[in-house]
Peer 1: 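Here it is: the structure, laid out below.
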There are 2 protein chains.
Amino acid sequence: MSSLRSLDENLISHIPPFRKLERVDIREILDAATPKRFSAGQAIFEEHEPAERFFLLLDGHVRVIRTTASGDQVIARHIVSGELMGIASAIGRTTYPASAVAIDDCLVLFWPTSLWKTFVEKYDGFATETYKTVGERISEANNHILELATQQVEQRVARALLRLAIQSSRITDEGMEIDFPLTRQNISEMTGTTLYTVSRLLSAWEKQGIVNSGRKKVIVTEMNKLKTLADLDPMADS
Amino acid sequence: MSSLRSLDENLISHIPPFRKLERVDIREILDAATPKRFSAGQAIFEEHEPAERFFLLLDGHVRVIRTTASGDQVIARHIVSGELMGIASAIGRTTYPASAVAIDDCLVLFWPTSLWKTFVEKYDGFATETYKTVGERISEANNHILELATQQVEQRVARALLRLAIQSSRITDEGMEIDFPLTRQNISEMTGTTLYTVSRLLSAWEKQGIVNSGRKKVIVTEMNKLKTLADLDPMADS
DNA sequence: CGTCGTGTTGACTGCCATCAAAAGTAGTGG
DNA sequence: CCACTACTTTTGATGGCAGTCAACACGACG
């Protein structure tokens, strides 16, 4: 609708960090933003790179990835539309702590990191809201640690799917379908296991009618049963 | 030396978040602080409790613990003298995300959470420095996730000991002795394993002359060998 | 129709959790 | 000073969860 030179204010006016701002402020923020498209598979930023920009994902899905010295990959989180990313500057970092890769075609806005300070000082509520986001991500990370340290693979995979279904799925007549391509390998990288084990679990769950999965696709048909697996499962005699 | 009513300014003047402040400011901050002692084993604050205070550890060691629904405990981190803790307010939380327990006798200062905002606004550099701390803790958490997801128990335990030795040890003629009581169970809770496995590892390492351990005590005698175990260990034929 | 990425399954292995029992170490109070 | 208790540590025996390797099936896409 609007040209690249003049982004529509409604694009971001409802998104938490900007929600409390006046139209004028939003106008200013948008005028300072650069929009950019990324196609599926493209890297938006890379780990260890100087954090010269911070981003807002307007459309699409992004995977946040860390890689070990030995080449193993771990998926730290998924970013969905409306979330900020690459906000290393917020926490005094000068490089990105992880890589971000577009899962499907994405539309993002970005700003130079130098503007972060301005945003925080000038726009009331921006700081508070983004630090709340940071806080939530810390909680997520800590929960992840707790899971990895104390739970079995089955529970971890169940939880990962639950989170994805809640965070980013569309409802079909079959159930909740995770709305971006997701392979067994991806799931294994989210849960610290192998693609083989994930495949076996999904096969088993498919037989029990809990999920319905295919190539790069997972539909959760029975949330409740999946929740049972995710919690202190009383270990059904399956 | 100084009475409780008038804390010495040198107590905190060298600590990062306060380092850049004027003496007057430090005076103000100290006058608003309440000092308190905790004896070994006492809880300083508990998970889920409303975060009414934030703390500065002046002396002693503190363990930050999270507990699962099923009763498993995980040690998230250790706090050493000079660190802030319970800074949930910094990241928009209203409750503590974990419990803090005094490992040995501790001396802390605390302030009501309501002062956080004042500190951030009034004292230049305080915000920047503390957010840097937050950033470091996020990195730690993410590294921990990476380890749990990709490494074997042996490497994780080696890394945990390395970190402790670097972060909080005194040098003796035997080597680097971790300077607070630490049991096999504690180590297992840091690394997502069992006390039995930790015991076996330490026994093996003792035979190889890498560590020297006893009841609630660990001395690292060969940092380099431990580092080898912590990294991509090329799997010696031990 | 061939190729490549993805998914499935079986067979095997091994790391590490679990259980059990005994030995070592502080700290206590008689 | 010693016996007693509680906690911590060690070590062996056993079993199972899940990783690894290999082979094949399936589906998408040019």
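Lettering follows sequence order; numbering is per chain, from 1. This structure is a prediction, so every number in the text was calculated from the model and none was measured.
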Peer 1: Going by atom types alone, do Glu47(B) and Thr67(B) pair a side-chain donor with an acceptor below 3.5 Å?
Peer 2: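 Result is no, nothing qualifies.
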
Peer 1: Taking Arg156(A) for its side chain and Gly192(A) for its backbone only, find out whether a donor-acceptor pair lies under 3.5 Å.
Peer 2: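 Yes; at least one donor-acceptor contact below 3.5 Å.
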
Peer 1: Got a donor-acceptor pair under 3.5 Å from the side chain of Arg200(A) to the base of dG10(C)?
Peer 2: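 Side chain to base: pair present.
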
Peer 1: Could you tell me the separation between the CH2 atom of Trp205(B) and the P atom of dT10(D), rounded to a whole number of Å?
Peer 2: 13 Å

Peer 1: Out of dA18(D), dG7(C), dC21(D), which has the shortest distance to the side chain of Val153(A)?
Peer 2: dA18(D)

Peer 1: Could you check how far CG of Leu195(B) sits from C1' of dT18(C), rounded to whole Å?
Peer 2: 11 Å

Peer 1: So, is Ser203(A) near the phosphate of dT9(C), with a side-chain N or O under 4.0 Å from OP1 or OP2?
Peer 2: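 Yes, within the criterion.
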
Peer 1: Does Arg184(A) put a side-chain nitrogen or oxygen below 4.0 Å from OP1 or OP2 of dT8(C)?
Peer 2: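 Arg184(A) to dT8(C) OP1/OP2: side-chain N or O found under 4.0 Å.
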
Peer 1: Can you find a side chain N or O atom of Thr194(B) that sits less than 4.0 Å from OP1 or OP2 on dA17(C)?
Peer 2: yes

Peer 1: Is it true that Glu140(A) and Arg77(A) make a salt bridge, defined as a side-chain N closer than 4.0 Å to a carboxylate O?
Peer 2: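 Looking at Glu140(A) and Arg77(A), the cut-off is met.
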
Peer 1: Over how many whole Å does the gap from Glu206(B) atom CD to dT11(D) atom P extend?
Peer 2: 10 Å

Peer 1: Quick check on dG19(D): is either OP1 or OP2 less than 4.0 Å from any side-chain nitrogen or oxygen of Thr197(A)?
Peer 2: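 It does, given that an N or O in the side chain of Thr197(A) lies less than 4.0 Å from OP1 or OP2 of dG19(D).
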
Peer 1: Less than 3.5 Å between a donor and an acceptor, one on the side chain of Arg215(A) and one on the base of dT8(C), is that the case here?
Peer 2: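 Side chain to base: no pair present.
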
